[in-house]
Amino acid sequence: MLTRKQKELLMFIHERVKESGVPPSFDEMKEALDLKSKSGIHRLITALEERGFIRRLPHRARALEILKLPESVGQSIGNGGGRGFSPSVIEGSLGRVRREDDGVPSSANVPVPVMGRIAAGVPIEAIQHAERSIEVPPELLTTGEHFALEVRGDSMIEAGILDGDVVLIRRGDTASSGEIVVALVDREEATLKRMRRRGDSIALEAANPAYETRIFGPDRVDVQGKLVGLIRVY
């Protein structure tokens with residue numbers, strides 16, 4: 001049984017996906033349900049996920065898949081049902097390190113997709129699409145799938161990351177405290193910061209004293225990947 005607000009949000013997401021194929025933003029959901037803050041939306045989405053009505057897709061901005069609708073609506077979603085949301089953020093076979101047993105010499109450069117720009121400062125709109133690819137020597141990469149981002153801002157200068165650099169990121173949703181990661185805040189904004197765990201909270205630390213450390217609840221931050229290399233053109 002869903003509450004009125006839970007059902008309203010579920011149907012709002014469903015209608016938006018039907019119309020455009022893209023779920024609404026948290027701001028749009030907040031306005032549609034006349035809520036004062038995004039935290040209320042987070043709680044509703046968590047409740048819908050726990051009840052099996054939606055699924056949040058990892059590593060992706062604004063990625064919600066509707067699994068079913070209330071019985072009163074008379075429609076289920078899934079195999080043979082409506083269409084779910086499957087955006088193209090950080091996907092594909094580009095950036096996967098090859099090994100000798102793949103039939104490709106390990107010395108061959110690896111094409112890595114450049115997924116857009118990342119803020120080394122105040123978070124900017126989340127990365128969405130691969131703009132181009134660059135050829136990267138395999139020794140700059142680890143095993144697994146990688147993507148690249150162009151850095152904008154100066155908040156990580158004391159970590160040796162400057163405005164205009166291209167950072168190489170290994171895709172993944174986990175990181176150890178103290179590692180530099182691409183973090184997705186509120187599933188809408190991406191930033192490059194050093195992540196530290198502080199009890200039940202997550203701190204995103206800049207490497208520039210001019211910027212303050214930002215503290216978030218664990219449900220507000222999703223790790224997209226961690227820094228493994230950097231390319232700089234002089």
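Predicted model, so just to flag it, every value in this text is computed and none were measured.
You'll find the side chain of Ile231 reaches within 4.5 Å of the side chain of Ile134, heavy atoms only. Counting heavy atoms from C-beta on, the side chains of Arg55 and Leu64 never come closer than 4.5 Å. The side-chain heavy atoms of Val151 and Met156, taken from C-beta on, include no pair separated by under 4.5 Å. Side-chain contact check for Glu158 versus Pro209: some heavy-atom pair is nearer than 4.5 Å. Arg197 has its side chain within reach of Ile202: a pair of non-hydrogen atoms, C-beta onward, lies under 4.5 Å apart. Leu149 is not listed as a side-chain neighbour of Val114, based on a closest heavy-atom distance of 4.5 Å or more. Counting heavy atoms from C-beta outward, Met29 and Ile45 have side chains that approach closer than 4.5 Å. Val181 has its side chain out of reach of Leu192: every pair of non-hydrogen atoms, C-beta onward, lies at least 4.5 Å apart.
In this structure, OG on Ser39 lies 11.0 Å from CZ on Phe26, to the nearest 0.5 angstrom. Rounded to the nearest 0.5 Å, atoms CD (Gln6) and CZ (Arg43) are 11.5 Å apart. Taken to the nearest 0.5 Å, the NZ atom of Lys18 stands 14.0 Å off from the CD1 atom of Ile13. Atoms CD1 and CD, from Ile41 and Glu31 in turn, are 10.0 Å apart once rounded to the nearest 0.5 Å. Atom CG of Asp186 is separated from atom OG of Ser25 by 11.0 Å, given to the nearest 0.5 angstrom.
Smallest separation of non-hydrogen atoms from Leu10 and Lys68: CD2-O, 4.0 Å. Phe147 and Gln224 make their closest contact through CE2-O, 4.0 Å (heavy atoms, listed as atom of the first residue, atom of the second, distance). Of all heavy-atom pairs spanning Ser176 and Met195, the tightest one is O-CE, 4.0 Å. When all heavy atoms of Gly40 and Leu35 are compared, the closest pair comes out as C-CD1, 4.1 Å. The two residues Thr213 and Ala203 come nearest to each other via the heavy atoms CG2-CB, 3.8 Å. Scanning both residues, Ala148 and Val112, for their nearest heavy atoms gives N-CG1, 3.6 Å.
Sorted by first and then second residue, the pairs that involve residues 225-234 and meet salt bridge (charged side-chain N to carboxylate O under 4.0 Å, His left out), not counting sequence neighbours, are Asp165-Arg232, Glu179-Lys226.
Between Glu28 and Arg16, at least one side-chain N (NZ, or NE/NH1/NH2) sits under 4.0 Å from a carboxylate O, which counts as a salt bridge. One finds a salt bridge joining Glu150 and Arg117 here, because a Lys/Arg side-chain nitrogen approaches an Asp/Glu carboxylate oxygen to under 4.0 Å.
Between the side chain of Arg194 and the main chain of Gly178, a donor-acceptor pair closer than 3.5 Å is present. For Asn208 (side chain) and Asp154 (main-chain N/O), a donor-acceptor pair under 3.5 Å exists by modelled atom type. When atom types are taken as modelled, the side chain of Asp173 and the backbone of Val223 share no donor-acceptor pair closer than 3.5 angstrom. With hydrogens and angles ignored, the 3.5 Å screen pairs no side-chain donor or acceptor of Glu15 with any backbone N or O of Phe12. Remark: side-chain polar atoms of Ser155 are not paired, donor with acceptor, to backbone N or O of Tyr211 under 3.5 angstrom. The backbone N or O of Phe216 lies less than 3.5 Å from no partner atom in the side chain of Arg220, so there is not a single donor-acceptor pair.
Cluster partners of Ile215: none. The rule joins Ile, Leu, Val, Met, Phe, Trp and Tyr whenever side-chain heavy atoms lie under 4.5 Å apart, and it links nothing here. Its side chain within the 4.5 Å cluster rule, Ile157 clusters with Leu162 among the Ile, Leu, Val, Met, Phe, Trp and Tyr residues.
Residues passing the side-chain contact (heavy atoms from CB on, under 4.5 Å) test with Glu49 are Ile54, Arg56, sequence neighbours excluded. Taking the side-chain contact (heavy atoms from CB on, under 4.5 Å) definition, one finds that Glu135 meets it with Asn109, Pro111, sequence neighbours left out. Checked against side chain to side chain donor-acceptor pair (under 3.5 Å), Arg170 has no partners two or more places apart in sequence or in another chain.
Lys193 and Thr191 share a donor-acceptor pair across their side chains, judged by distance under 3.5 Å alone.
None of Val110, Val228, Ile169 except one satisfies the side-chain contact (heavy atoms from CB on, under 4.5 Å) rule with His146; the exception is Val228.
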For side-chain contact (heavy atoms from CB on, under 4.5 Å), just list the numbers for Leu33 and Lys5, CA-CA rounded to whole Å, side-chain angles, deciding distance to a tenth of an Å, and then say yes or no.
CA-CA 7 Å; Leu33 271 68; Lys5 284 294 186 183; 4.2 Å; yes

Evaluation steps, side-chain contact (heavy atoms from CB on, under 4.5 Å), between Leu48 and Ile66:
CA-CA 10 Å; Leu48 289 172; Ile66 297 180; over 6 Å; no

Begin with the C-alpha distance, continue with both residues' side-chain angles, and end with the deciding distance and a verdict on side-chain contact (heavy atoms from CB on, under 4.5 Å) for Leu227 and Leu168.
CA-CA 6 Å; Leu227 179 72; Leu168 302 173; 5.9 Å; no

